[in-house]
Participant: 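The structure that follows is given in the form of structure tokens.
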Amino acid sequence: MKPIIQSFLKGLAILLPIIVTVFLVQWLLVTIEDWLSPIWKALLGETYYFPGLAFISFVVLAVVIGFSTRWRFMNWLWQLPGVMMNKLPLLRSLYGTVNDVFEMMSGKDFADESVVLVTLPNSDIRLIGIVTKKSGDNGDRLSKMLGADQVAVFLPMSYNVGGYMIMVPKDCVQSIDMKPADALQMTISAGLGKNRNHNADS
């Protein structure tokens, strides 16, 4: 009986990530199709519309918007809806949280050498973190709170989109050669993934 249960659990470990990934991709495709297909059907008619056109147009739109942000005015224009949402009491918390999560997971605003090992004071325990702020930035509220010998470090939690922000002395952190996105992935998965060395593979 025990070998059967072990085989079942191993099978679940293989199948569930695939099923969840496929489900999320399917949900995204269906959502985009439901939103944009009526527009294309109204413009082209049922005769010339084909399934998948809505998703293709969404991808093209995303590329165009991303490319247009190179110009200051266009970047300001695309940022305007987010700025307006941040001023609305009901939407501010929701939009801010979603936006922060996406920026965190994409590694936005993280420097290339920002991944560090944090050694807790009076302890041999070390944690993987990402330096988010340093002292000396007069335009940043968190930076003003840091001492001259301190840095702000984000410590992601395993199996949870969240973590802790701590302020520690600079001598408690040691830079490691790792991209922020790779550090987030490895930490959130508790190190159970493959964690291949991309530098060695390239």
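Index from 1, following the sequence. Quick caveat: nothing in here was measured; it's all calculated off a predicted structure.
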Participant: How long is the span from the CG atom in Asp171 to the OG1 atom in Thr119, to the nearest 0.5 Å?
Facilitator: 9.5 Å
Participant: Scan for salt bridge (Lys or Arg N to Asp or Glu O under 4.0 Å) pairs involving residues 7-36, sequence neighbours excluded, and state none if there are none.
Facilitator: none
Participant: CZ of Phe58: more than 12 outside heavy atoms within 6.0 angstrom?
Facilitator: no
Participant: Would a hydrophobic clustering, with Ile, Leu, Val, Met, Phe, Trp and Tyr connected at side-chain separations under 4.5 Å, put Phe50 with Trp40?
Facilitator: yes
Participant: What's the shortest heavy-atom distance between Ser57 and Ala54, and which atoms?
Facilitator: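 Distance-wise, the nearest heavy atoms are OG-O, 2.6 Å.
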Participant: For the hydrophobic clusters of this structure (ILVMFWY residues joined by side-chain heavy atoms under 4.5 Å, transitively), does one cluster hold both Phe55 and Val30?
Facilitator: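 No.
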Participant: Let me confirm one number: the NZ-OG distance from Lys170 to Ser135, rounded to the nearest 0.5 Å.
Facilitator: 4.5 Å
Participant: Kindly indicate whether the side chain of Leu53, heavy atoms from C-beta on, has any atom under 4.5 Å from the side chain of Leu44.
Facilitator: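 Side chain of Leu53 against side chain of Leu44, heavy atoms only: contact under 4.5 Å found.
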Participant: Kindly work out whether a path of hydrophobic side-chain contacts (I/L/V/M/F/W/Y, heavy atoms less than 4.5 Å apart) joins Leu43 to Leu61.
Facilitator: no
Participant: Trp35: what forms a side chain to side chain donor-acceptor pair (under 3.5 Å) with it, not counting sequence neighbours?
Facilitator: none
Participant: Do we see a donor-acceptor contact under 3.5 Å between the side chains of Thr69 and Trp78?
Facilitator: no
Participant: Can you measure from CD (Gln150) to SG (Cys172) and round to the nearest 0.5 angstrom?
Facilitator: 9.5 Å
Participant: About how many Å separate CG of Leu36 and NZ of Lys41, when rounded to the nearest 0.5 Å?
Facilitator: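 If we round to the nearest 0.5 Å, Lys41:NZ and Leu36:CG are 12.0 Å apart.
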Participant: Let me confirm one number: the OG1-CE distance from Thr132 to Met165, rounded to the nearest 0.5 Å.
Facilitator: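 It comes to 6.5 Å.
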Participant: Quick one: list whatever passes side chain to side chain contact (heavy atoms under 4.5 Å, CB included) with Leu24, sequence neighbours left out.
Facilitator: Val20
Participant: Determine, using the 4.5 Å side-chain heavy-atom cutoff (strictly less than), whether Val25 and Ile32 are members of one ILVMFWY cluster.
Facilitator: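 Yes; tracing contacts between hydrophobic side chains, which count when under 4.5 Å, links both residues.
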Participant: If a pair satisfies salt bridge (Lys or Arg N to Asp or Glu O under 4.0 Å) and one of its residues is in residues 125-134, list it, with sequence neighbours excluded.
Facilitator: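 Only Lys133-Asp140 qualify under salt bridge (Lys or Arg N to Asp or Glu O under 4.0 Å).
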Participant: Report the C-alpha distance between Leu127 and Leu117 in whole Å, list the side-chain angles of each, state the deciding distance to 0.1 Å, and finish with yes or no for side chain to side chain contact (heavy atoms under 4.5 Å, CB included).
Facilitator: CA-CA 6 Å; Leu127 305 171; Leu117 287 177; over 6 Å; no
Participant: Just wondering, more than 12 heavy atoms not from Ile125 lying within 6.0 Å of its CD1?
Facilitator: no
Participant: Sequence neighbours left out, what passes ring pair (Phe, Tyr, Trp, His ring centres under 6.0 Å) with Phe67? Give chain and number order.
Facilitator: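 Partners of Phe67 under the ring pair (Phe, Tyr, Trp, His ring centres under 6.0 Å) test: Trp71.
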Participant: Transitive ILVMFWY cluster of Leu15 at side-chain heavy atoms under 4.5 Å: who else is in it?
Facilitator: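 Cluster partners of Leu15: Ile19.
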Participant: How long is the straight-line distance from CG of Leu88 back to CE of Met85, given to the nearest 0.5 Å?
Facilitator: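 Separation between the atoms: 8.0 Å.
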Participant: Do the side chains of Ile65 and Trp76 join up, straight or via other hydrophobic residues, at under 4.5 Å, putting them in one cluster?
Facilitator: yes
Participant: Which pair of heavy atoms, one from Ala183 and one from Val115, lies closest together, and at what distance?
Facilitator: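 That would be CB-CG1, 3.8 Å.
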Participant: Does atom CE of Met145 have more than 12 heavy-atom neighbours, drawn from other residues, nucleotides or ligands, at distances under 6.0 Å?
Facilitator: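 No.
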Participant: Before you tell me yes or no, could you show the steps for Leu146 and Val151 under side chain to side chain contact (heavy atoms under 4.5 Å, CB included), namely the whole-Å CA-CA distance, both residues' side-chain angles and the distance that decides it to 0.1 Å?
Facilitator: CA-CA 7 Å; Leu146 296 171; Val151 291; 5.6 Å; no
